Structures are given as C-alpha cells and as structure tokens.
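Treat the numbers as computed from the prediction; the structure is a model and nothing was measured. When a ligand or atom number is given, it counts from 1 through the structure's own listing order.
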Amino acid sequence: MSKIILTGDRPTGRLHVGHYVGSLRRRVELQNSGEYDKIYIMIADAQALTDNADNPEKVRQNIVEVALDYLSCGLEPDKSTLFIQSMIPELTELSFYYMNLVTVSRLQRNPTVKAEIQMRNFEASIPVGFFTYPISQAADITAFKATTVPVGEDQMPMLEQCREIVHKFNSVYGEALVEPDILLPDNKACLRLPGIDGKAKMSKSLNNCIYLSDSEAEVKKKIMSMYTDPGHIRIEDPGKLEGNCVFIYLDAFCKPEHVAEYMPDYKSLDEIKEHYQRGGLGDVKVKKFLNNVLQSELAPIRERRKQWEKDIPAVYEILKKGSEEAEKVAASTLKDVRNAMKINYFEDNNLIKEQAEKYR
Ligand code: TRP
C-alpha cells in the first residue's frame, strides 16, 4: 500500500515556533526522507471560516502568509503538494455523506471541540459548521487516502473521530476508505510548546508567540522577556526547570552541536540543567544561549522567506497548481465513495436493467 501524508493548518495567522516543533519541522524531514509516495499539505481556509465566518478577510490575508511559512521551512512544491482546502469542492460532498455516520453526542464528546467551544464562548450558540468540523477534517484526510497524519497532540481526538468514520463507512458500504495513523512529535517538549509567558499554549490572542517570520531583534527581545523560575532571583539561588520556558524551549530546539558551539564549558544540555538547579547559573546566560540556538535554527527559514516574498505571484501559482492536482485525487476518491454508497445511478447499467425488469 502506498504511504501518503496529509496534514494542514488553519490560515488564521502567521505560523509560530510551536507549529514548527509540533509539526512543520517533522513534515520537512518526512518530505526529505523519500519514504512517502505522496505528501499533501493543506491550507484549511474552509475550516478557519467555521469560527471566523464574520472575518473572511483575515482568512484570505493569511493564506499567503501560511504558504510563505511552509516554503521557508523547506517544504518544496515538487516534493509536496501544497493546496487550499476550499478549492476542492469534493471535500464538502464527502463531509455531507459522513455526517450520516456521526452522532451529535459523539461530536459533543470530542475534547478538542469541547475546549474550543469554551475558549470561544460558543456555549450559548455554536455554529453548526464549527460543531461539525471534525467531520470535515475526516473528509480532508480520507479524500487523499492518507495513511499518516503528522499533527500536534491537540489533533488526537480529530484523528480518532476520523478513524471511527472510516470504520463505520467501510463496514456499512464496503472497504473504500483508508484508516489513517497519527504521527506525533517524538520529543515531549514539542508536544505543546508553551508561550513565552509560560501560559499553556502559544496563541495569537495571548500575544505570547515567537513567529517564524519574526526578525532577529524581535526573537531576541521575546527570549529575554521569557518566563523562567520566579523563585530564581539571585544567580546563586537554585533554579527550577518545571514550567521554565527557557528550558522547555531548549528541550525542543537544542542539539548537542549547539552546546559545543555556544556553551563550550558544558558537555551537554543536562549538565547546564544540573548547574541551573544547583544554583550559580543566571537566567540571562541561559537566555542568551537559547537565543543563539533559536537564531541558528530560524536564520535559514527567515532567509528563504525573504526570497519567496520577492515573488508572491509564484507562491499563488504553486497553490493553484497544487489545488488542481489535489482536486483530481479527491474526485477519484469521491467516485469510489459514491460507488460504495450506490449513488452512481447513471454509471450502473445493471440498475437500469433491474428496474426495467421489475416493470416488465
Ligand atoms: N485542525 C487543523 C488545525 O487546526 C487543521 C486541519 C484541517 C488538518 N484539516 C486537517 C490537520 C486534516 C490535519 C489533517 O491546525
């Protein structure tokens, strides 16, 4: 069986380093591993509209931002198909059929939907489109017969729900759909990178993100203001690692060569951590180290972004070509689905014969 990746992001803002360690970095590695037959990366504008219905301009503006972030991270259009969700109308038709396979109470139990309803104060009136977006996400994944979905931990319930839909579909209508596996980041620090304020998650509304497109100076400023251990006042004080953003970020980003290059007095990140916990290692020094690590990771991304920013029409052309290609694949799956569901009236000669027979 072919190995196929599908994943994507909602275009509601520029992508940040949480997206990067949670998924983007991995996607580029998977792309370059050569192990996958097809890779589809989707800008989920239709999904973004499920909770931004009154702000289409925001979604529209951010499509190119997300595409630029993809390209600057190293996704390459001749290796990965980059496309826009709403350009594939087959996805809405698939969603419509899948809706019959999911109950309202099952959607209500989806932990991600639950959390998002709370976050957006939707309790009193939930838009139906938003409420059902896990179904549309199952359509995204199955339309491309994806076997592997690399996403962050918060998407786990979406994948479970998708697998249930596939199960149900295949058992009712016959094996037409492929059950996908989730691929989570293997480094624990990457599962949910906190914001620079130490709050649970990086989020635009909390203003605690480091964006992939931030300038060198902006990144430095944000790192120097990062939440550490409030009890670590004097350098000699013992410091805590739990909840300490600087160390969580180092866990996510630091490679052994970084220690050798920027903190040559230490053998490993573990040794730096021990010193910090013992006391005698100041926050500023560790922050400067993190800044060096992060800048070395972000510099090539920033550089590639600058190049692409000079040719925006080319970026749209990549999305257009990718969308055309993606639509062909989704159309072929939709055909399989219609056949399986027996809604292929004009293509099934036996049907017409049978019905004619009945009335003879
Ligand atoms: N829900 C994802 C997010 O919020 C975006 C998304 C839409 C997606 N469809 C998908 C991710 C299919 C993986 C597979 O970022």
Are side-chain N/O atoms of Q108 and S105 paired as donor and acceptor at under 3.5 Å?
no
Would you please say whether a donor-acceptor pair under 3.5 Å links the side chains of N244 and D229?
no
Write 'none' if nothing qualifies; otherwise put on separate lines each N/O atom of ligand 1 with a protein N/O atom under 3.5 Å away and their distance to 0.1 Å.
| from | atom 1 | to | atom 2 | distance (Å) |
| --- | --- | --- | --- | --- |
| ligand 1 | 1 (N) | Q47 | OE1 | 2.7 |
| ligand 1 | 1 (N) | Q137 | OE1 | 3.0 |
| ligand 1 | 1 (N) | Q155 | OE1 | 3.1 |
| ligand 1 | 4 (O) | R10 | NE | 3.3 |
| ligand 1 | 9 (N) | D140 | OD2 | 2.8 |

Sub-4.5 Å side-chain heavy-atom contact between T148 and I4
no
If we only count heavy atoms from C-beta on, is the L107 to Q161 side-chain gap below 4.5 Å?
yes
So, is the end of the R10 side chain (NZ or CZ) under 6.0 Å from the ring centre of Y133 and within 45° of the ring's axis?
yes
Identify, with sequence neighbours excluded, every residue that meets side-chain hydrogen bond (donor to acceptor under 3.5 Å, both in side chains) alongside K306.
none
